[in-house]
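Read through the structure below, which is laid out as structure tokens, and then see the notes.
Here is how names work: the chains are called A, B, and so on, in the same order as the sequence lines, proteins then strands, and each is numbered from 1.
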Protein chains: 2
Amino acid sequence: MNDFTSSVADAKIPDATVRRFSLYLRYLEDFERSGISSVASGVLAERGGTTAAQVRKDLSFLGSFGKRGLGYSVKELTGVLRDVLGLDSVWRVALLGAGRIGTALFRYEPFRARGFHITTVIDNDPGKVGTRLGDVMIRGEHELECALREDRTDLVIVAVPAPVAQALVDRVVAAGVRAVLNYAPAQLRLPDDVALRNVSMTVELESLSHALTRLRRCR
Amino acid sequence: MNDFTSSVADAKIPDATVRRFSLYLRYLEDFERSGISSVASGVLAERGGTTAAQVRKDLSFLGSFGKRGLGYSVKELTGVLRDVLGLDSVWRVALLGAGRIGTALFRYEPFRARGFHITTVIDNDPGKVGTRLGDVMIRGEHELECALREDRTDLVIVAVPAPVAQALVDRVVAAGVRAVLNYAPAQLRLPDDVALRNVSMTVELESLSHALTRLRRCR
DNA sequence: CACTGCTTGTGAAATCGTTCACAAGTGGAA
DNA sequence: TTCCACTTGTGAACGATTTCACAAGCAGTG
Ligand SMILES: NC(=O)c1ccc[n+]([C@@H]2O[C@H](COP(=O)([O-])OP(=O)(O)OC[C@H]3O[C@@H](n4cnc5c(N)ncnc54)[C@H](O)[C@@H]3O)[C@@H](O)[C@H]2O)c1
Ligand SMILES: NC(=O)c1ccc[n+]([C@@H]2O[C@H](COP(=O)([O-])OP(=O)(O)OC[C@H]3O[C@@H](n4cnc5c(N)ncnc54)[C@H](O)[C@@H]3O)[C@@H](O)[C@H]2O)c1
């Protein structure tokens with residue numbers, strides 16, 4: 001009844017659109033919980049701070065399965081978005097660095113529910129290696145390649161100090177991992193076929209600081 | 001000799017450019033430490049994973065103070081970037097939510113060095129209120145307005161559970177704060193004159209998951 | 001059926017950001 | 001002084017993304 005086969009005509013979808021898919025999915029799950037079975041583009045737009053036209057254009061990358069006059073089936077749209085975002089697979093994740101950020105991210109529940117399983121944790125602090133973080137044993141830095149291969153890691157989260165980040169991801173990439181989420185303030189150099197996302201508190205804060213400065217100067 | 005007066009013709013600088021300014025500044029500080037006194041656009045570009053033309057176009061928003069044939073003075077450029085990013089003021093920051101992410105962010109050193117001072121921490125867990133996080137006393141949620149006013153807070157970091165985020169920021173905005181850095185997976189609705197940046201691990205992971213799925217399907 | 005109210009899907013236009021290409025400026029060498 | 005190697009600053013071309021505008025489709029009603 002709902003197999004949602006990958007009939008997705010996977011052209012290249014703009015990155016901005018993919019990020020919005022993530023948000024739409026979040027809202028749709030709320031709607032599903034509230035028992036709402038169909039939503040119009042305008043509703044999703046208001047929820048997500050964009051425009052109805054933007055929502056429709058975004059969704060048009062996935063084909064056309066809205067019902068004119070009614071909107072989109074929450075259930076169907078959820079399925080299609082999960083499919084295009086690749087959330088029906090389980091992704092095997094390795095965490096590099098079990099420091100403050102690393103452990104906070106590790107304990108963040110929602111992403112387990114979305115199929116991201118942290119199966120490997122690596123740190124080089126002798127006081128941490130051999131201890132457990134949740135249900136995962138922390139392994140030493142020298143076991144990196146070995147661990148990635150054993151666990152068939154798909155994706156790596158970098159939460160080590162910036163100066164060691166590049167050397168570690170080089171090894172990670174050599175071991176065949178094709179996706180990196182980087183929290184270290186380092187500009188990582190990776191081959192083109194490895195996907196990279198950077199999260200930087202400093203960049204966000206400084207961009208806010210710029211905005212505040214502008215506000216101040218204009219008044 | 002280097003007063004770097006705000007001769008910045010502050011037109012509206014693209015957001016993407018401002019974010020790159022943050023990165024350029026990071027590199028410039030490395031160069032300064034290494035005793036390098038002048039850099040060409042190409043060098044900054046290679047360091048930052050963009051192109052020389054991009055760097056020059058970005059910097060041209062700030063006026064023109066490069067020396068043709070030589071490049072930019074590291075010291076001067078550092079000063080100009082710090083100025084336009086508003087890093088010469090001290091920004092007073094309040095942290096809402098002293099949970100796992102909140103404390104990890106609190107203990108993150110580099111942003112103190114950049115003029116972001118966390119002067120207020122708010123939580124509503126009775127077991128936390130009254131205890132200290134570093135050198136700051138954790139205050140109860142009902143003291144929010146009072147604390148923001150006393151500390152003349154410029155910027156708020158949201159690290160509370162998503163369901164309570166909107167209600168809290170409404171109060172924060174009413175208290176006059178004009179910048180919010182949001183870590184909760186909630187789409188906050190704010191007046192136009194309040195700057196907002198969202199950081200979402202879920203969005204980043206899902207965009208990586210999409211990329212991985214595409215890679216898999218293409219091979 | 002025809003009519004109404006509502007909503008999608010999508011070309012075309014507008015806007016925004018990036019890359020190109022090159023004239024013009026700089027310091028150093030001869 | 002002239003020449004050379006190098007690099008900036010920027011209009012113009014290009015490409016990508018967002019917004020607009022509207023024909024076409026659906027459900028419900030009379
Ligand atoms: N993106 C953000 O918003 C953000 C916020 C805070 C911190 N950070 C960054 O995250 C990183 C970690 O920050 P933190 O506050 O958790 O620091 P931390 O010192 O608490 O943790 C770093 C961990 O990495 C480990 N480590 C060091 N070298 C290693 C190696 N070669 N191999 C394996 N493990 C190694 C350390 O033992 C430590 O446990 C830093 O790069 C920091 O700048 C990012
Ligand atoms: N952006 C990211 O990458 C990322 C990663 C992990 C978590 N998060 C989000 O950050 C938030 C915090 O996550 P966490 O793992 O630290 O959770 P947590 O439960 O450890 O911390 C939440 C804290 O907020 C406090 N709190 C709850 N209601 C409050 C209120 N009304 N007023 C003041 N304080 C209140 C709680 O007492 C607790 O200390 C969540 O919204 C989570 O989804 C974001």
- Going 5' to 3' along nucleotides 3-10 of chain C, which nucleotides have protein heavy atoms under 4.0 Å from the base (write B), which only from the sugar-phosphate (write S), and which from neither (write -)? ---BBBBB
- Contacts of type side chain to side chain donor-acceptor pair (under 3.5 Å), residue A:E46, not counting sequence neighbours: none
- Starting at CG of B:L77 and ending at P of D:dT7, how long is that distance when rounded to a whole Å? 16 Å
- Query: What do the steps show when you test A:T51 against A:K57 for side chain to side chain contact (heavy atoms under 4.5 Å, CB included), and what is the final call?
  - Reply: CA-CA 10 Å; A:T51 66; A:K57 181 64 90 178; over 6 Å; no
- Task: Kindly say if A:Q54 contacts the phosphate of D:dT19, meaning a side-chain N or O under 4.0 Å from OP1 or OP2.
- Result: yes
- Listed by chain and number, what are the salt bridge (charged side-chain N to carboxylate O under 4.0 Å, His left out) partners of B:D170, not counting sequence neighbours? none
Compile the donor-acceptor pairs under 3.5 Å between side chains in residues 24-31 of chain A and protein atoms, sequence neighbours left out, one pair per line.
| residue | atom | partner | partner atom | Å |
| --- | --- | --- | --- | --- |
| A:Y24 | OH | A:D58 | OD2 | 2.7 |
| A:R26 | NH2 | B:S200 | OG | 3.3 |
| A:Y27 | OH | B:Q187 | OE1 | 3.0 |
| A:E29 | OE1 | A:R114 | NH2 | 2.6 |
| A:D30 | OD1 | A:R33 | NH2 | 2.8 |
| A:D30 | OD2 | A:R47 | NH2 | 2.4 |

- Note on the structure: Residue pairs passing the side-chain hydrogen bond (donor to acceptor under 3.5 Å, both in side chains) test with at least one member in residues 64-74 of chain A, sequence neighbours excluded, are none
- B:D58 CG to D:dT8 C1': how many Å, rounded? 14 Å
- Counterpart residues, side chain to side chain donor-acceptor pair (under 3.5 Å), relative to B:S22 (two or more places apart): A:E206
- Starting from P on D:dT17, measure out to CZ on A:R19 and report it in whole angstrom. 13 Å
- Note on the structure: Whole-Å distance, B:D15 CG to C:dG17 C1', equals 12 Å
